[in-house]
Amino acid sequence: MICKMKQIKNIKIQLIVACLCACIGSMWSCVDDIAVGDGFLEKSPGVDVTQDTIFNKAEYARRFLWNAYSKLYYGLPSYWNNVDGKMNMGMFEALSDCWHSHLSWDGVNNYYYSGSYDAGTEDGSGHVRFGFLKEECWEAIRQSWLFIENVEKVPDMDAEEKARLAAEAKVIIASRYFDLFRHFGGLPIVDHAFEVSSDESSYATERGTVDATVKFMTSLLDEAAAVLPWSLSAADISNWDGRFTAAAAKGLKCKVLLFAASPLFNDSEPYCSEGPQEAVTNLQVWYGGYKEELWTECLNACEEFFTALSSNGIYDLVRPAGTTMSDYRTAYQTAYFTRGSGGSNPEMLISTRIRYTYGSNYQWNYYFPQSCMYGAFTPTQEYVEMFPMGDGTPFDWDDPADVKNMFTDRDPRLFETVLVEGATYQGRQAELWIGGREAQQNPAQETGQYATGYGIYKHILDFSAQLNEPTLWPYLRLSEIYLIYAEALMKAGRYSEAINKVDEVRGRVGLGGLVACNPDKNLFDEGTLLEEILRERACELGMEDVRLFDLIRHKREADFTKKLHGLRIYRADGLETSWSDKDAAGRGSRPSEFNYVMFELTNSSRMWWTSFNPKWYLAAFPPSEINKGYGLTQNPGW
Amino acid sequence: MAIVLSSLEGWAQEVESTIKTAALGKIDTGFGIEQSVAESAAAVSVTTSEGLNKRSAMSISNSLFGNVTGLTSLQNSGVIWDAEPTFYIRGLQTLSDNSILIVVDGLERDIRYIVPEEVESVAVLRDAAAVALYGYKGINGVLAITTKRGKYNSREINVSYDHAFNRQVRSPKFVNAYTYALSMNEALANDGKTARYSQNELNAFKSGKYPSLYPDVNWLDEVFRDEGYSNIYNINFRGGGTKMKYYTMMELQGNQGFIKNGDMNEGYSTQNEYSKANIRTNLDIDLTKTTKLQVNLMGSLSEYNRPGLASDYLMTKLYTVPSAAFPVRTEDSVWGGNETWGENMNPVALVQARGYSRGHTRLMFGDVKLTQQLDVLAKGLSASLRIGYDNIAAYWEGHNKSYAYGSDIVSSWENGEPAETTRYSAGTADTELGYSSKLDWQDRHFNFIGNVDYQTESGENKLVTSLIYSFENRVENSQNNTVYRQNIAGYAHYGYAHRYFADVTLVASGSNKLAPGKKWGFSPTFAAAWLLTGEDFMKGLSFIDFLKLRASWGIINSDNIPAEDYWEQSFDSGGGYYLGGSYGWYDGTEEGRLPSLGSTREKALKYDLGLDASFLGELTVTADVFYERRKDIWVSAGGSVSDVLGASYSYVNAGIVDSWGVETGLCYQKRWKDFSMTLGGRFTLAKNEVKEKLEEPRAYDYLKETGNPVNQIFGLQAAGFFTDQADIDNSPAQQFGGVKPGDIKYKDQNNDGIINDYDKVAMGYNSTVPEVYYSFDLGFEWKGIGVNAVFQGVENYSVVLNTTSMYWPLINNTTISEHYYNNRWTSENPFAKYPRLTTEENENNFRTNSVWLADASFLKLRNCEIYYKLPAPVLAKMKLKTAKIYVRGVDLFSVDGIDLSDPESTGVAYPMTRSVNVGFSVGF
């Protein structure tokens, strides 16, 4: 009996416990269902985006393309990362003879002036002139191909827009290829977006020849130009300025073909005979001989461009409103500085952007102004002397009138490019004499913003007028196409037409024609005219990444080895003080008499001045990339 | 999973101080099955409660330095509620996550809230056989905490109190104002810039005549007081009747930190204060003869109070602001400050005029387990269910305000005396405290475990089997922190003739973190043990009490992942573009990392050989040698794929790391009448080598990380300092920026005439985990009076000294340590320890190189104690069971090669502390 009682009691307790457990179990299960097996192992729901999502809606697909746009080249240094930092606040234009960097820790000084650059630097540093892997070129290219290959799927986009956007993507690819091409030569031809694969070798793409690379770019540009509108409509400019047009594609083609036809690649000798020569043998860094037809192709592209221009109009050089210095300067500044391609700035063919504006010279994510203040871009005396006098005649130290008007009556583009003594600056006149308000002891010590006796004006203006203005990079302007055309015409022996084209560009800033201004020169001689064209390009396209490549594509070793100079300006009264900071009542008139002393730049001096080697024309590929063994060959000499 | 833990704990063959009972006795393995510890084949080390509570720590996590064989426990500094140590078992074993699993009573739980008093034992589970049942989580080893339980038919009450006098030690020492001004001028001169301080100003700093204009403030002295205090009160009840047993504990902790003048404000304190209250009840109820119910409940409420906001980064400011910067307050009592150092840079104002912040953490850990014997179905059969639910939520409240600051700046001098001053004023003063609050973080964790156990024995054969199903759901702060896992495990233990044992553990684990199709992984483990002392041939060797050899091998899988949704192509927003003539911004979407196709899981092949022995009833020894191959580690394929792909490469399972080493533990105990002695020692050597990581092709072999240990430090080898310009001109060009005399000159490793990243070489060890971790302890007791001490040390450990102001001074308006100033390069002192002073971000000097690399090995006296236990006759008179009073020292000294700071905390951090504790415990 007792035994039975106990059993019953036990059963009771067991029941209670079972109920208790069930209760506890249900307590949790009522909020989160307890699934068993794989169902239990799903991720909790989220908002993941997939490729299907992106190409399922026009809105998302466009965003995909805008991102590819955001990876376009922007030339000014602006922020601390490998892409935007350029050469650690420096620009490779300071490797040319027009500019010298006095920023001791930028990549220009660190690797190039010092000569310590070698292939390994490409692996270790983000501050080289243009890293093969560090500029987001390949990312932009892949993103564009993905767009081209998938845009067809987008349901809510009309066929016309699909074709147009795909064509824009092609220009993005071509432009990124060209950005690399001018530093490296022939490139691996990536003509599709790689399928994701677990076999890594399926991504391997060997380096193409110069010829294949050029054809790849030009055919993309041809395809795009056939689809794209010549220009944006006036209504579209306010929303869409910055997108590629047929004019942009055709213009870029001219620029590509000019580089390809130039002696760097198109000559009877390869540019460098040092080992490794594999890239030379494979025709990846030259055409294998001189091919006149390359110049013809360039000329044809220019003619095609100008034919289209004459029939479609819209684009033009920005013409001055009158004939004063200020009119010319305004026209020139508008041409490179403002938005509204084909509209308020008819000269702009391609502009790229990194931010809209900046409100302070110390903007944390746009440090270009500080870069200027650190002296990363100081104009050389050689550069200043390239600019003719206001009437177009060359500057001559031996002509006292020229010297007297050195900083007043010059090519208006000088004042738009270089800040010179006495120029209007922040509502007064810049003082670039030693001890002056701007220069202080900079030129005397050859340090800082005014180390050469000059300052940079282009892009940065007077450090105030540029604030809250769009920060464009003038990637391609019509004036450059004029000068490309001129060079191609010259190569075809059509000298007067060539001179004509140059004169059109000169005329925009009020300069006289080349022939009239240079009576002592035979401009119907190729060498002489080329010098004038290159000089004109340097003046017209200063700080637009043109001069360095002009020296490279023409293999102008002499320009890389010549010593460069600055100018020390001393007040004739011997004072080394500012004038403008003195009380207006007692300071008298502004000093107008100066003594000029040219001096050789030594801080830093460039290793190239003493031991230049043609291998420097092209950059090295990072050895780590070559060692992957997919068919990338190192450039000669590296 | 509780069952799993307790069973493992049962297998423990190495119980450090009482091996004889532990090894030879019968222990409840948690399934209601009694199993001899001697039969186990797994590598598990256990420390019981006596060894744990000698540091008066507020958390069990800070009690484990050198206490447990095989556990590497590295101390971290911080405010008391943040100073959690880092744990490793068997060193670095992988390129991915090396963190270990920590369980409390078998469930993964945060141990920082567990107090030492409630802990019965701490076990370190090291080999495959020990960790197998934990599925994906056990791959790096498991630290298992077991809390105390009641005792049948007994009753005891314990009360204890501990009071600590805490002191900050090895605080940084920065130079005084005059020296700072001199060093700044020297640095500027070195940089070719004009001096910042004129001779007049230098004189003013030197004389100290104008303390509000030219102050000399020792900010650390102004912010911190010498001593802090802690109190720990504990009462616990332990006992039970015939059908139930209980353990109930309440602990209250309080800590007062080191803020000087934390009571300057009316109505609130800005002291670093911490308090925590823990309540635990562990119950075992025999519902029937065959039914047992186990309930574990723990609640903890903790609260901290700190000056201002954590985001004021007080310590960073103390490591930044020089003594010469500005006065604490101006003559008219405005908080000191100026333009150079800006807002919220006055450390004293930060602790007195920024209000206070408060944090509350509330948690409940609860689990219930029901076990039913099913002998009615089959003899030896039983089943159990366990459900656990843990919930932690941390809330934050800010009661903050801002303050006005300023200083007087001398604008002109006359005859070497300041003549005129101007006032700099900035900041706005709030009179009222603001208020804001938020949920800081949270953690919910649900566990379910069910098992069926069966054991049978006939003649020489014994079989123990279990089938276990478990799942868990853990939700932390975001979608990607929601984890679901489940395990199905089969375990069989076979014993023959009480001498030969074999274990098999087969586990199938599933996890939602893994790719579809790869969620489930199978991990088999095999182990065997041979009890030699059971053999006839050992009978003659009477000095050997116990000798067992064991071996284990297993494959353990893991659900370490390289990124969320790694199997899918990801797309990220960002990278939009400015289009249009007006102010237009167009959003962008870009492709993310490529998906991983054909993936698998990171897994370990673990091998272990071990020995457990005891001699003469006095000496116990345990030793293991282990080898592990970790493979299929997730690595980026970047090293082998062409970059023209134009996308971030997929992660692939290609990494391989081998690790190996030795763990030993020794314990010697001897008693002579009134005198007893204990000596112990533990030693771990854990080495490893990266076999494969798809590293990018390197130009030189010495640059390869593959072939080196995980996290091997690479840096440039310094070859002194440049003496002059001629030296610079005649040396290889250094590509890290322009150099000047006094800058570090590097060795050209590849003789290419250029110093760049190609000249880096492996140097030192790693700065994550020391390869050697050892400890030894000693204890003597005579008639109730005793002393004991634990020493703990590490070897083969490196650190890169790159602390702002301490080693990398003056840049960005930071200050400079006395140590650096006294050891800097000058042209008069060309063979200095450190390079020249500079104010510029000198990339040549301030990068990883042999100048900054230091040996971080140390030997610390972790704790020592003098105590007196009242003798039995006195206790009887007072009707007490136990009574003990003690004086204890915690972290009293460290022997190491770091001149300035604790080798475990060389960065910008609160100084480490040293404590003297007094306390008592009484048992009724």
Side-chain angles (χ1 to χ4, degrees), chain A residues 10 13-14 17 21 24 28 32 38 40-44 46 48-51 54 60 63-64 66-67 69-70 104-105 110-111 114 116 118 120-121 124 133 138-139 141-143 146 188 190 194 196 198 200 203-205 237-243 339-340 353 356 623-625 627-628 630, chain B residues 287-288 291 293 368 370 385 387 389 446 471 473 479 482 484 486 510-512 519 565 568-569 571 575-591 594-595 597-598 637 640-647 650 652 696-699 733 735 737-738 752 754 756-758 843:
Chain A
N10 277 357
I13 292 170
Q14 283 174 8
V17 170
C21 283
I24 293 167
W28 282 291
D32 280 330
D38 273 351
F40 177 74
L41 295 177
E42 288 306 311
K43 260 200 80 166
S44 58
D48 302 328
V49 180
T50 64
Q51 191 159 320
I54 286 177
Y60 296 158
R63 281 187 196 175
F64 202 67
W66 306 148
N67 177 263
Y69 263 103
S70 78
S104 65
W105 42 265
N110 250 355
Y111 304 132
S114 71
S116 75
D118 69 355
T121 315
L133 309 172
W138 300 108
E139 285 75 10
I141 290 161
R142 175 175 171 80
Q143 181 105 356
L146 280 173
V190 176
F194 293 101
V196 180
S198 47
E200 291 142 19
Y203 304 138
T205 309
I237 287 176
S238 72
N239 285 332
W240 298 116
D241 181 42
R243 284 171 63 183
R339 293 194 180 193
R353 303 98 193 272
Y356 201 90
S624 64
E625 193 63 15
N627 294 344
K628 287 173 183 172
Y630 61 82
Chain B
L287 297 174
T288 73
T291 315
L293 179 68
V368 177
L370 186 70
L385 287 176
I387 288 170
Y389 186 69
F446 172 68
F471 72 61
N473 169 16
Q479 182 208 355
T482 299
Y484 299 87
Q486 49 188 334
S511 166
N512 73 328
K519 291 185 186 294
D565 300 326
E568 281 180 343
Q569 177 64 59
F571 290 88
Y577 197 56
Y578 296 96
L579 288 168
S582 50
Y583 291 71
W585 162 258
Y586 292 81
D587 284 328
T589 303
E590 65 188 334
E591 189 186 37
L594 296 181
L597 305 175
S640 56
V641 175
S642 159
D643 260 336
V644 301
L645 167 62
S650 318
V652 294
E696 63 181 71
R698 303 279 182 191
Q735 281 193 341
D752 63 351
I754 299 166
N756 56 14
D757 283 335
Y758 282 179
E843 285 194 42

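The analysis underlying the following values was restricted to heavy atoms, covering all of them including side chains, and did not include hydrogens, waters or symmetry mates. It should be emphasised that the depicted structure is a prediction, and the values quoted were computed from it without experimental measurement.
Heavy-atom distances place no part of A:Ile141 under 4.5 Å from chain B, backbone and side chain included. In this structure, chain B has a heavy atom under 4.5 Å from the side chain of A:Val190, while its backbone stays farther away. With a threshold of 4.5 angstrom between heavy atoms, A:Ser114 does not approach chain B through any atom at all. For chain A, the nearby part of B:Ile754 is the side chain; its heavy atoms alone come within less than 4.5 Å. Contacts of B:Glu696 with chain A are made by side-chain atoms alone, with heavy-atom separations under 4.5 Å and no backbone atom involved.
Between B:Glu568 and B:Pro595 the shortest heavy-atom distance is C-CB, 3.5 Å. Of all heavy-atom pairs spanning B:Gln735 and A:Asn110, the tightest one is O-ND2, 3.5 Å. Contact between A:Arg353 and A:Asp241 at its shortest, heavy atoms only, is NH2-OD2, 2.9 Å.
Heavy-atom contacts from other residues, nucleotides or ligands closer than 6.0 Å to OH of A:Tyr60 number 12 or fewer.
Of the listed residues (A:Ser238, A:Pro188, A:Gly124), the greatest number of heavy-atom pairs within a distance under 4.5 Å of chain B belongs to A:Ser238. Note on A:Thr205, A:Asn239, A:Asp118: by heavy-atom pairs under 4.5 Å with chain B, the leading option is A:Asn239. Annotation: maximal heavy-atom pairing with chain A below 4.5 Å, among B:Asp752, B:Leu594, B:Asp587, occurs at B:Asp587. Of the listed residues (B:Gly598, B:Gly588, B:Ala733, B:Ser650), the one with the most heavy-atom contacts under 4.5 Å to chain A is B:Gly588. Comparing B:Gly584, B:Ala699, B:Ser511, B:Gly576 by how many heavy-atom pairs each has under 4.5 Å with chain A, the most go to B:Ser511.
Using a cutoff of 4.0 Å between basic side-chain nitrogens and carboxylate oxygens, A:Glu139 and A:Arg142 are not scored as salt-bridged.
Stacking of A:Arg339 on the aromatic ring of A:Tyr356 is recorded, both the 6.0 Å distance cut-off and the 45° axial limit being met.
If you check the side chains of A:Asn627 and A:Ser624, you find no donor sitting under 3.5 Å from an acceptor.
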